[in-house]
There are 2 protein chains.
Amino acid sequence: MDAVDRQILELLASHARTPVSEIARQVGLSAAPVARRIERLERAGVIKGYVAVLDEGKSGRLEAFTEIRLHGDTDSAEVSELLRHLPEVRQYFTIAGDPDAVVRIVVSDVGHLQRVVNAMRRTGKVAGTKTLIVMDSWSRQPIEPRAH
Amino acid sequence: MDAVDRQILELLASHARTPVSEIARQVGLSAAPVARRIERLERAGVIKGYVAVLDEGKSGRLEAFTEIRLHGDTDSAEVSELLRHLPEVRQYFTIAGDPDAVVRIVVSDVGHLQRVVNAMRRTGKVAGTKTLIVMDSWSRQPIEPRAH
DNA sequence: GGTGAAAGAAGGAAGAG
DNA sequence: CTCTTCCTTCTTTCACC
């Protein structure tokens with residue numbers, strides 16, 4: 001992984017739909033080697049995926065972070081696997097320290113939120129949770145006006 | 001916003017690089033109206049942007065969440081604006097309750113982390129912080145093997 | 001890493017329901 | 001007013017240098 005790879009990652013991290021040809025222009029290479037580099041970074045797991053950042057509030061949904069504390073004898077990998085089966089859990093983060101994990105969840109309303117948190121507790125692996133409800137958010141680099 | 005819009009959002013939320021033609025196939029429309037719907041959703045701010053999800057550890061970097069508590073007289077929009085100027089802050093979430101905000105940050109090492117947290121405190125708006133260091137993470141729907 | 005050709009996708013215009 | 005069907009242009013992908 002060299003400076004060009006890092007430059008490509010930087011561009012994709014903020015604008016995942018940028019055409020390879022445009023990335024190539026910006027890093028000073030032709031399109032073919034850039035496509036090869038991106039494919040290599042995907043296979044190596046450096047790029048885990050490409051996602052659209054949504055304003056969940058505008059589609060009438062509720063976004064939240066839930067901090068999870070595990071029982072002393074529980075492996076976090078075990079819980080990570082269990083929570084993969086809850087479709088409301090969009091992202092899972094294993095944390096060093098307290099809490100043990102944080103998940104980002106998207107639900108339709110507070111009743112739904114409660115059901116999801118209860119489902120997490122019912123795994124028997126979770127000692128406690130604390131849920132942070134998101135009111136507003138931004139991520140670096142919004143959508144640019146389209147070129148014409 | 002109808003059922004087709006929601007279906008499009010669902011697809012883009014997990015696979016942001018899916019071609020419009022493929023989305024069209026999955027929702028049962030032709031490509032042109034799907035493209036117009038996506039453009040409309042972007043303009044309405046429902047789609048805020050497209051980002052690559054990276055394994056920061058594999059590029060030798062450190063990912064963390066910092067929870068921020070504000071002084072009683074501080075508006076969260078004010079802090080949101082100040083933190084936009086820190087390039088290490090990738091995402092900002094305004095929270096209902098305690099803490100007041102959460103940011104996702106990416107830094108090169110713990111020294112860098114300390115400098116960023118100090119920079120947040122030096123704004124004078126921040127009453128306290130708690131930083132959660134990410135050891136591992138997943139997001140729903142990883143990269144698929146490419147079609148041939 | 002670059003080149004060139006073939007396949008595929010995007011964006012725009014015209015027309016049907 | 002929204003979807004469809006072309007059509008043109010740009011992008012991606014692949015074999016090869």
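Of the possible donor and acceptor atoms, one in the side chain of K58(B) sits under 3.5 Å from a partner among the backbone N and O of A44(A). In this structure, the side chain of R115(A) does not engage the main chain of V110(A) through any donor-acceptor pair within 3.5 Å.
Of the residues in residues 8-22 of chain B, those placing a heavy atom less than 4.0 Å from an atom of DNA chain C are P19(B), V20(B), S21(B), in numerical order.
Following rounding to the nearest Å, R25(B) (CZ) and dG8(C) (P) show an atom-to-atom distance of 14 Å. Rounded to an integer number of Å, the gap from CD of E42(B) to P of dA10(C) is 12 Å. Rounded to whole angstrom, the span from the CG atom of D5(B) across to the C1' atom of dT2(D) amounts to 12 Å. Between the CD1 atom of I38(B) and the P atom of dG12(C) there is a distance of 14 Å, rounded to whole Å. Residue D2(A) contributes atom CG, which lies 12 Å from atom C1' of dG1(C) at whole-angstrom precision.
When the side-chain nitrogen and oxygen atoms of R37(B) are compared with OP1 and OP2 of dT2(D), none of them lie within a distance under 4.0 Å.
For Y50(B) and Y50(A), the gap between ring centers reaches or exceeds 6.0 Å.
At a threshold of 4.0 Å, the pair R40(B)-D5(B) counts as salt-bridged, since one of the basic side-chain nitrogens sits closer than that to a carboxylate oxygen. Using a cut-off of 4.0 Å between Lys/Arg side-chain N and Asp/Glu carboxylate O, D100(A) and R69(A) are scored as not salt-bridged. Taking the charged nitrogens against the carboxylate oxygens, D2(A) and R37(A) do have a contact shorter than 4.0 Å, which makes a salt bridge.
Taking Q26(B) as the reference, L11(B), E22(B) meet the side-chain contact (heavy atoms from CB on, under 4.5 Å) condition, with sequence neighbours excluded. Residues meeting the side-chain hydrogen bond (donor to acceptor under 3.5 Å, both in side chains) test with T129(A), sequence neighbours left out: R121(A). Residues satisfying the side-chain contact (heavy atoms from CB on, under 4.5 Å) criterion with Q114(B), sequence neighbours excluded, are N118(B).
Among the atoms of the strands shown, none is found under 4.0 Å from any heavy atom of R40(B).
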Criterion salt bridge (charged side-chain N to carboxylate O under 4.0 Å, His left out) on E10(B) and R6(B), from CA distance to verdict = CA-CA 6 Å; E10(B) 198 66 36; R6(B) 273 186 287 273; over 6 Å; no
Any N/O pairs under 3.5 Å between the protein and nucleotides 2-6 of chain C? List them or say none.
from	atom 1	to	atom 2	distance (Å)
dG2(C)	OP2	S30(A)	N	3.0
dG2(C)	OP2	S30(A)	OG	2.9
dG2(C)	N7	R36(A)	NH2	3.4
dG2(C)	O6	R36(A)	NH1	3.1
dG2(C)	O6	R36(A)	NH2	3.3

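Using cut-offs of 30° and 60° for the angle between ring planes, the F65(A) and F93(B) rings count as perpendicular.
Comparing the axis of the opening five pairs of the helix from dG1(C)-dC17(D) to dG17(C)-dC1(D) with that of the closing five pairs yields an angle of 30°, rounded to 10°.
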